[in-house]
Undergrad: 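Mind looking over this structure? Questions follow.
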2 protein chains.
Amino acid sequence: MKKVDTESRQKSILNAIVESYVDSATPVGSRAIAQRFRNAISPATIRNVMADLEELGLIMQPHTSAGRVPTDRGYRFYVDSLLEPKHLTKEEESVINKLIHALGSDIEYAMQNASKAISIVTNVAGVVLMPRLKRSIFKHIELFNMDDSRILAVIVTTSGFVKNSIMDFEEHLTRQELTRITEFLNSELEGVSLGDIKSYLTRKLLEERDSFYTFLKRAADILSVPGLFKADDHLYFDGAACIMSHPEFMDIKKARLFLRACEDKKGLLNLLNQDMELEGVKIHIGKENLYNEIQELSIVTCNYKVNDMTVGAIAAIGPTRMEYGRVISVLKYISNELGKELESLG
Amino acid sequence: MKKVDTESRQKSILNAIVESYVDSATPVGSRAIAQRFRNAISPATIRNVMADLEELGLIMQPHTSAGRVPTDRGYRFYVDSLLEPKHLTKEEESVINKLIHALGSDIEYAMQNASKAISIVTNVAGVVLMPRLKRSIFKHIELFNMDDSRILAVIVTTSGFVKNSIMDFEEHLTRQELTRITEFLNSELEGVSLGDIKSYLTRKLLEERDSFYTFLKRAADILSVPGLFKADDHLYFDGAACIMSHPEFMDIKKARLFLRACEDKKGLLNLLNQDMELEGVKIHIGKENLYNEIQELSIVTCNYKVNDMTVGAIAAIGPTRMEYGRVISVLKYISNELGKELESLG
DNA sequence: ATTAGCACTCTAACAGTTAGAGTGCTATTT
DNA sequence: AAATAGCACTCTAACTGTTAGAGTGCTAAT
């Protein structure tokens with residue numbers, strides 16, 4: 001009798017279970033799996049394997065004598081070890097490109113459309129994180145007086161982002177003074193990342209205790225205004241409606257919890273900011289490590305780059321029963337296209 | 001026998017029906033109304049009046065022998081003729097103020113929080129339209145070269161909004177030329193609304209056919225770049241989740257249609273842009289004149305002002321069965337507070 | 001080691017019944 | 001003439017019991 005590698009059979013059966021469940025949204029029974037293998041394995045055998053998988057905590061039964069459903073751990077194993085990459089079709093790529101590389105676009109539009117693209121192609125909600133200013137490199141600054149007490153600062157980064165900020169400033173600076181400060185900052189800060197400007201200037205401030213001090217102090221004051229980086233904590237979201245097409249949200253209460261999670265900007269922001277530091281696609285399954293209330297919800301994230309520098313992240317949010325393979329490919333593709341688009345805009 | 005004014009009785013009964021239905025979300029029967037009048041009128045009489053109201057098309061029965069439900073026309077009559085203003089409680093005002101007048105806020109935050117405030121206090125979705133740049137008055141412009149082929153324009157309005165725009169410009173302008181153009185535009189355009197700049201410059205261009213022409217042409221070119229006003233077609237949205245608490249969305253399909261309507265930025269934008277032109281609160285009930293698919297959905301909008309000038313609008317979106325009185329008061333209050341906040345930021 | 005067979009369990013769907021809410025009509029009262 | 005009480009009727013929502021089907025676990029056979 002030919003020896004069978006039990007472990008690899010378990011794997012391929014788990015794989016079949018996950019894919020069948022993702023596809024059908026109903027608990028999958030031994031018969032269905034047997035058919036998937038063209039009856040090369042009998043339902044009875046599969047039942048035995050299933051019992052093992054259940055013991056391993058990878059699948060579970062919603063109730064006695066129902067089919068099996070993957071657990072969070074089951075999905076985890078699936079995405080870590082079994083998942084094979086899906087290719088996007090030409091049509092899907094074309095849909096994405098049309099949205100992201102729209103004519104006469106600007107950053108806002110590109111962001112908004114990227115989130116829409118995610119939701120349309122994957123059929124789950126899409127989120128896009130604004131490029132992180134803090135990680136962008138200082139290129140140029142302009143300052144001018146708006147009125148007696150306020151200064152408008154316009155900062156341009158190497159990746160082409162522009163940020164302006166109005167700041168109250170107790171003492172009036174003359175145009176000459178402003179020009180000097182502007183010139184100073186421009187020569188001094190080239191190549192410093194926006195997030196480091198403050199500490200950079202503070203360090204300078206400690207070194208220079210001479211006549212230059214007051215001058216430097218003013219420059220530092222101008223740039224240390226809180227709120228300089230505030231507005232870029234912004235998320236673009238799309239696809240709340242298409243989420244409702246998933247059968248898991250037949251129950252309104254679940255739908256509501258889901259929407260609540262989607263509206264929790266702070267939580268999402270944290271997650272994205274964190275995931276952004278790592279390269280490539282990250283997957284958070286169910287209650288694994290979600291910032292949020294216990295619920296059947298997965299988040300897949302991916303960083304995006306402008307000029308080889310990670311500046312932001314995009315994500316897909318949906319039920320744990322999600323086509324991870326497709327979602328991963330889509331996020332990879334979109335993050336890449338978005339980066340290109342931003343480069344062309346910047 | 002004391003003479004009864006049938007018409008006024010009809011009105012007060014319609015009023016009772018609407019309020020009872022808004023409150024309970026279940027069709028209201030004659031008994032319930034009688035109790036509302038402390039049995040000063042018997043159920044039988046009320047039934048007769050109800051039959052009349054039904055004939056007038058103001059109420060209807062979902063099925064024989066169910067209670068009555070207001071029709072769109074019924075709601076319309078109610079909001080036009082019966083509705084009496086509700087006052088906000090101190091707590092509600094305080095919740096709103098805390099959100100809108102948050103410390104260290106900026107425009108983005110104020111907008112976002114205004115939409116959140118709407119949804120929290122009214123329990124329906126809140127939408128806020130970015131201040132319309134086109135309606136803002138030009139105050140100041142600064143131009144500088146980003147690189148050989150691109151110019152960064154920063155425009156400040158009298159209401160304190162700042163808009164920047166990067167534009168490709170085939171021929172390189174020297175710093176001197178840019179300074180001259182900047183000075184020219186600043187002296188020339190003071191007090192012109194941003195929406196009128198283009199036609200204003202074109203007119204000038206026709207008048208001046210002398211040596212000044214090329215110069216003016218350049219200035220006009222710079223400001224006629226499409227996309228100058230693009231990014232402010234932005235809506236802030238909040239409260240998708242709290243919508244789901246309404247019993248009309250027990251049916252997932254309705255919930256989905258509703259969310260789809262909320263995500264239809266274009267439609268909402270049109271509606272808000274249109275309503276903005278009128279002073280005060282506007283109400284769109286059900287299929288009355290909605291941009292959208294036929295569905296039980298009402299939108300209440302209100303313009304908001306900065307320095308006595310209407311610059312934007314806010315809205316509440318919910319099921320037709322909505323507490324119109326409260327929603328109206330809340331929108332009035334929030335639009336006012338939002339205006340004040342923007343003034344203080346601007 | 002695998003599979004066939006069987007008893008068992010659980011659910012979803014259906015039909016039948018009932019209680020309750022609400023109506024419209026008519027006869028009666030004011 | 002206007003308002004009301006009473007009554008027959010209708011419709012729904014909730015509950016029951018029943019059944020078909022899907023799926024399991026176990027055991028015995030291959």
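We use all heavy atoms of the structure for the numbers below, so side chains are in, but hydrogens, waters and symmetry mates are not. All chains are named by letter (A, B, ...) in the order of the sequence lines, taking the proteins before the strands, and each is independently numbered beginning at 1. Note that the structure is predicted; figures quoted are calculated from it, not measured.
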Undergrad: How many whole angstroms separate atom CE of A/Met50 from atom C1' of D/dG23?
TA: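 A/Met50 atom CE is separated from D/dG23 atom C1' by 9 Å.
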Undergrad: Find the distance B/Ile33:CD1 to D/dA3:P and express it as a whole number of Å.
TA: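 Those two atoms, CD1 and P, are 17 Å apart.
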Undergrad: Rounded to whole angstrom units, what separation is found between the CG atom of A/Asn48 and the P atom of D/dT24?
TA: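 Taking atom P of D/dT24 as the reference, CG of A/Asn48 is at 11 Å.
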Undergrad: Are B/Lys254 and B/Glu296 ion-paired here, with the side-chain N under 4.0 Å from a carboxylate O?
TA: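 A salt bridge links B/Lys254 with B/Glu296.
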Undergrad: What residues, two or more places apart in sequence or in another chain, satisfy side chain to side chain contact (heavy atoms under 4.5 Å, CB included) together with B/Ala114?
TA: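 With sequence neighbours excluded, B/Ala114 shows a side chain to side chain contact (heavy atoms under 4.5 Å, CB included) to B/Ile100, B/Val128, B/Ile334, B/Leu338, given in chain and number order.
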Undergrad: Could you go step by step and tell me if A/Gln61 and A/Val69 meet the side-chain contact (heavy atoms from CB on, under 4.5 Å) rule?
TA: CA-CA 6 Å; A/Gln61 291 177 278; A/Val69 165; over 6 Å; no
Undergrad: Is A/Ser30 near enough to D/dT24 that one of its side-chain N or O atoms lies under 4.0 angstrom from OP1 or OP2?
TA: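 Yes, because at least one side-chain N or O of A/Ser30 sits under 4.0 Å from OP1 or OP2 of D/dT24.
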Undergrad: Send over the distance from B/Ile46 CD1 to C/dG24 C1', rounded to a whole Å.
TA: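 Those two atoms, CD1 and C1', are 15 Å apart.
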Undergrad: Return the nearest nucleotide to the side chain of A/Gln61; candidates are C/dT23, D/dA3, D/dG25.
TA: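 Minimum distance to the A/Gln61 side chain belongs to D/dG25.
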Undergrad: Do any N or O atoms from the side chain of B/Asp275 and from the backbone of B/Lys282 form a donor-acceptor pair under 3.5 angstrom?
TA: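 Pair absent, no side-chain N/O of B/Asp275 close to backbone of B/Lys282.
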Undergrad: Do other residues, nucleotides or ligands put more than 12 heavy atoms under 6.0 Å from the NZ atom of A/Lys265?
TA: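 Yes, NZ of A/Lys265 has more than 12 neighbouring heavy atoms, counting only those of other groups under 6.0 Å.
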Undergrad: Give a yes/no answer on whether the side chain of B/Arg9 brings an N or O atom under 4.0 Å of OP1 or OP2 in D/dA2.
TA: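 No, no such contact exists.
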Undergrad: Charged N to carboxylate O below 4.0 Å: is that the case for A/Glu92 and A/Arg326?
TA: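 Salt bridge flag = yes for A/Arg326 with A/Glu92.
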Undergrad: Between A/Arg31 (CZ) and C/dT3 (P), how many Å, whole number?
TA: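 Distance, rounded to whole Å: 15 Å.
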Undergrad: Let me know the distance between CZ of B/Arg68 and C1' of C/dT23, rounded to the nearest Å.
TA: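 My rounded result for the distance is 7 Å.
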Undergrad: So, A/Asp72 and A/Arg76, do they make that salt bridge, N to O below 4.0 Å?
TA: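 No, no charged N to carboxylate O under 4.0 Å.
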Undergrad: Would you mind telling me which of C/dT23, C/dT3, D/dA5 lies closest to the side-chain atoms of B/Ala44?
TA: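 My answer, after comparing the listed nucleotides, is D/dA5.
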Undergrad: Dump every N/O contact between nucleotides 7-11 of chain D and the protein below 3.5 Å, one line per pair.
TA:
unit_1 : atom_1 : unit_2  : atom_2 : d
D/dT10 : O2     : B/Ser65 : OG     : 2.8
D/dC11 : O3'    : B/His63 : ND1    : 3.4

Undergrad: Please report, rounded to the nearest Å, how far the P atom of C/dT23 is from the CD1 atom of B/Ile17.
TA: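 For the pair B/Ile17 CD1 and C/dT23 P, the rounded distance is 9 Å.
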Undergrad: When the distance from CG of B/Leu53 to P of C/dG24 is rounded to whole Å, what number comes out?
TA: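 Spelled out: CG on B/Leu53 to P on C/dG24 is 12 Å.
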